[in-house]
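A short write-up of the structure that comes next.
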Amino acid sequence: MLRDITLGQYYRADSVLHRLDPRVKLVATFMFIISLFIVKNFIGYIIAALFLVTGIALSKVPPKFIFRGMKAIFFLLFITMLFNLFLTPGKELVSFWKITITYEGIKMAVMMAIRLVFLITGSSLMTLTTTPNNLTDGLESLLRPLKAIRVPVHEISMMMSIALRFIPILMEETDKIMKAQMARGADFESGSIIKRAKSLVPLLVPLFISAFRRANDLAMAMEARCYRGGDGRTKMKPLIYAKTDYMAYAAIVLYLVLIVVFGRILF
Amino acid sequence: MAIILDHVNYIYDEDTAMAHAALIDVCLNIPDGQFVGLIGHTGSGKSTLVQHLNGLEKPTSGCVFYDGKDINDSDYDKKSLRAKVGLVFQYPEHQLFETDCFKDVCFGPKNLGLPQKEIELRAYEALKQVGFDDEYFYQSPFDLSGGQKRRVAIAGVLAMKPEVLILDEPTAGLDPKGREDILNLISKLHQEMGITIILVSHSMDDVADYVQRIIVMNKGRVAFDGAPKEVFSHYKELEAIGLAAPQVTYVMQELKSAGFAVNTDATTLEEAKNEILKAFGKC
């Protein structure tokens with residue numbers, strides 16, 4: 001059940017997208033997310049969808065795997081749609097009791113849903129094709145200019161890579177603890193909200209204890225290898241752009257131009 | 001109350017590139033009161049197999065029967081099944097959570113909806129059965145040693161009065177003394193309570209002295225199934241799949257090939273000693 005959340009999980013495969021420099025993928029994802037919010041009409045979304053579908057096809061990640069992550073945000077999606085549907089003022093379409101549905105409301109709800117779905121899919125695609133280590137390497141290198149204004153870039157990226165690294169481990173552990181407690185008759189799925197919240201105690205206590213223990217062990221292991229922060233630290237595999245990376249940048253620029261022209265200016 | 005597995009298959013992460021079969025066509029019949037050793041390498045499917053026995057995992061195909069009923073029927077009461085088929089996981093750290101040991105052991109019977117008195121009685125009995133000292137009853141389970149934690153974890157399942165007790169690598173991470181203590185304890189539980197026990201391990205030496213039957217798993221399949229002597233006689237094949245027979249078997253085989261008239265069936269230290277003494281007495 002917990003395995004369903006794909007965000008932050010790497011899918012091992014050999015594809016163009018997997019081999020791409022993480023910086024390119026980060027920039028692409030960032031641009032993609034921005035593009036979703038500047039688009040004003042459905043033609044723009046069609047272009048975004050094409051971009052996304054191309055990405056998915058290139059990634060060799062089975063679509064089923066990508067959309068599995070969607071289940072987790074379904075509730076959020078539903079609530080967002082409802083609010084937009086009922087609370088947007090505009091030309092009235094249907095009205096009963098105190099609820100009115102407007103033309104603008106429907107448009108907003110659909111757009112919001114598309115945005116959210118694309119946003120999650122896009123960022124899932126990035127984390128599915130990039131190992132956490134690569135991702136934070138890319139982030140560190142992209143944020144390096146901020147060091148001039150004393151932002152602890154290395155520390156932030158190290159924290160992120162540790163956090164990302166631990167997501168699957170803790171997820172697996174949660175699964176095991178759940179099973180161990182279910183074997184003792186614990187019930188996580190039925191009962192009132194209060195009862196269900198209470199039933200999480202036998203899950204959370206062992207999980208927290210194990211997380212603290214792991215953090216402690218990791219700190220020890222890092223210190224044993226003389227870790228002392230980012231100053232003067234070199235990389236075994238420094239990030240170097242290849243030809244495909246420049247091509248990918250070109251594709252991103254092309255995409256942005258198309259989005260701005262068709263999604264905002266022309267229509 | 002036999003457990004029957006009928007052509008059970010289980011595939012992890014189906015429909016992804018990571019899909020792999022954890023169980024392939026497993027057929028087993030575990031009768032009441034038997035003491036079974038389930039042996040296999042890491043990743044051989046033994047842990048997955050035991051999770052099928054109390055309905056934590058559902059087979060991709062095939063059926064699991066307990067007491068003549070299919071446990072994966074939609075109207076089967078899984079909660080009461082888990083009380084009858086108790087499963088103790090490998091790491092006690094995965095289940096201990098209460099502020100003191102006694103309360104932790106109460107968790108299982110409490111989930112069964114028993115009256116408070118009965119819950120406490122069962123918890124007390126269970127802790128006594130595993131040989132847990134009274135003085136530690138109200139201590140935090142996190143301050144205990146590995147062996148003691150394991151005892152509390154076993155008591156936590158025993159308190160539900162299971163008819164079948166499954167222990168997943170109960171000796172992992174224990175020192176030799178702690179290992180022997182736990183194994184003796186399990187053996188004692190089997191003798192005194194007459195319940196079915198399935199002991200999962202990757203070490204033949206762990207189980208050879210105690211169990212009545214050994215099931216060897218290899219790459220998701222049942223490789224061998226029989227009495228210890230019978231299984232160990234395949235020691236060459238066992239080696240091929242990366243599992244060794246108990247050291248005693250090797251000693252006896254060596255002695256025999258060196259020309260001594262010993263019976264190679266001896267699997268425990270005690271039997272081997274007698275055999276060797278007998279052989280030398282005849283010399």
Side-chain angles (χ1 to χ4, degrees), chain A residues 1-4 6 9-15 18 59-69 128-129 168-191 195 198-214 216-217, chain B residues 12-19 47-48 50-51 53-57 77-99 103-114 126 140-142 149 153-160 162 165-168:
Chain A
M1 53 203 99
L2 281 157
R3 265 182 248 143
D4 291 347
T6 44
Q9 251 182 16
Y10 179 62
Y11 183 92
R12 197 175 299 281
D14 185 34
S15 76
H18 282 76
S59 74
K60 289 187 188 165
V61 178
K64 215 176 167 181
F65 204 82
I66 295 171
F67 292 112
R68 233 197 258 174
L128 280 165
T129 57
I169 292 181
L170 290 179
M171 210 103 93
E172 212 168 278
E173 197 126 297
T174 313
D175 206 47
K176 272 188 193 153
I177 296 169
M178 252 179 153
K179 277 181 179 164
Q181 303 298 27
M182 272 156 79
R184 290 205 289 165
D187 188 352
F188 297 105
E189 274 140 14
S190 60
K195 207 180 143 206
K198 260 188 181 169
S199 77
L200 285 180
V201 174
L203 174 67
L204 291 179
V205 173
L207 189 64
F208 270 89
I209 288 173
S210 128
F212 282 128
R213 202 194 63 237
R214 278 180 195 282
N216 212 357
D217 288 353
Chain B
Y12 263 114
D13 291 320
E14 216 182 351
D15 308 323
T16 71
M18 282 94 95
S47 290
T48 314
V50 292
Q51 286 175 22
L53 303 182
N54 71 349
L56 282 175
E57 293 284 6
D77 182 6
K78 285 245 170 86
K79 212 165 168 179
S80 74
L81 172 75
R82 283 173 196 152
K84 284 183 229 154
V85 182
L87 173 57
V88 186
F89 275 79
Q90 186 170 359
Y91 297 106
E93 288 82 1
H94 282 156
Q95 68 172 71
L96 303 177
F97 72 99
E98 275 289 7
T99 44
K103 268 196 216 157
D104 202 280
V105 176
C106 287
F107 182 69
K110 205 151 108 196
N111 285 328
L112 298 181
L114 297 169
S140 161
F142 305 108
K149 268 187 202 162
I154 295 174
V157 172
L158 270 184
M160 299 199 297
L165 181 65
I166 306 168
L167 300 115
D168 194 353

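In what follows, every chain begins at residue 1, and chains take the letters A, B, ... in the order their sequences are listed.
- We find the CG-CD distance between A:Leu203 and B:Gln95 to be 13.0 Å, quoted to the nearest 0.5 Å.
- Other residues, nucleotides and ligands contribute only 12 or fewer heavy atoms inside 6.0 Å of the CZ atom of A:Phe208.
- Heavy-atom distances place both the backbone and the side chain of B:Phe97 under 4.5 Å from chain A.
- In this structure, the portion of B:Leu96 lying under 4.5 Å from any heavy atom of chain A is its backbone and not its side chain.
- The environment of B:Phe107 atom CZ is dense: over 12 non-hydrogen atoms of other residues, nucleotides or ligands sit within 6.0 angstrom.
- In this structure the side chain of A:Arg184 reaches within 4.5 angstrom of the side chain of B:Asp104, judged on heavy atoms.
- Between B:Lys79 and A:Gly185, the shortest heavy-atom contact is CE-O, 3.2 Å.
- Contact annotation for B:Phe142: only side-chain heavy atoms (C-beta onward) come within less than 4.5 Å of a heavy atom of chain A.
- When each of B:Ala159, B:Ala83, B:Gly156 is checked for heavy-atom pairs under 4.5 Å with chain A, B:Gly156 comes out on top.
- Proximity to chain B (any heavy atom under 4.5 Å) is shown, for A:Val61, by neither the backbone nor the side chain.
- Here B:Lys78 contributes atom NZ and A:Asp187 contributes atom CG; the two are 12.5 Å apart, rounded to the nearest 0.5 Å.
- The closest side-chain heavy-atom distance from A:Lys179 to B:Glu57 is below 4.5 Å.
- Annotation: maximal heavy-atom pairing with chain B below 4.5 Å, among A:Pro202, A:Ser199, A:Ala13, occurs at A:Pro202.
- A:Ala183 and B:Met160 get closest at one heavy-atom pair: O-CE, 3.2 Å.
- Taking a cutoff of 4.0 Å between a charged side-chain nitrogen and a carboxylate oxygen, B:Asp168 and A:Lys176 do not qualify as a salt bridge.
- Within a 6.0 Å sphere centred on NZ of B:Lys110, other residues, nucleotides and ligands contribute 12 heavy atoms or fewer.
- Interface remark: B:Gln90 contributes no atoms to any contact with chain A (heavy atom separation under 4.5 Å).
- Using a 4.5 Å cut-off on side-chain heavy atoms (C-beta onward), B:Glu93 and A:Ile209 make no contact.
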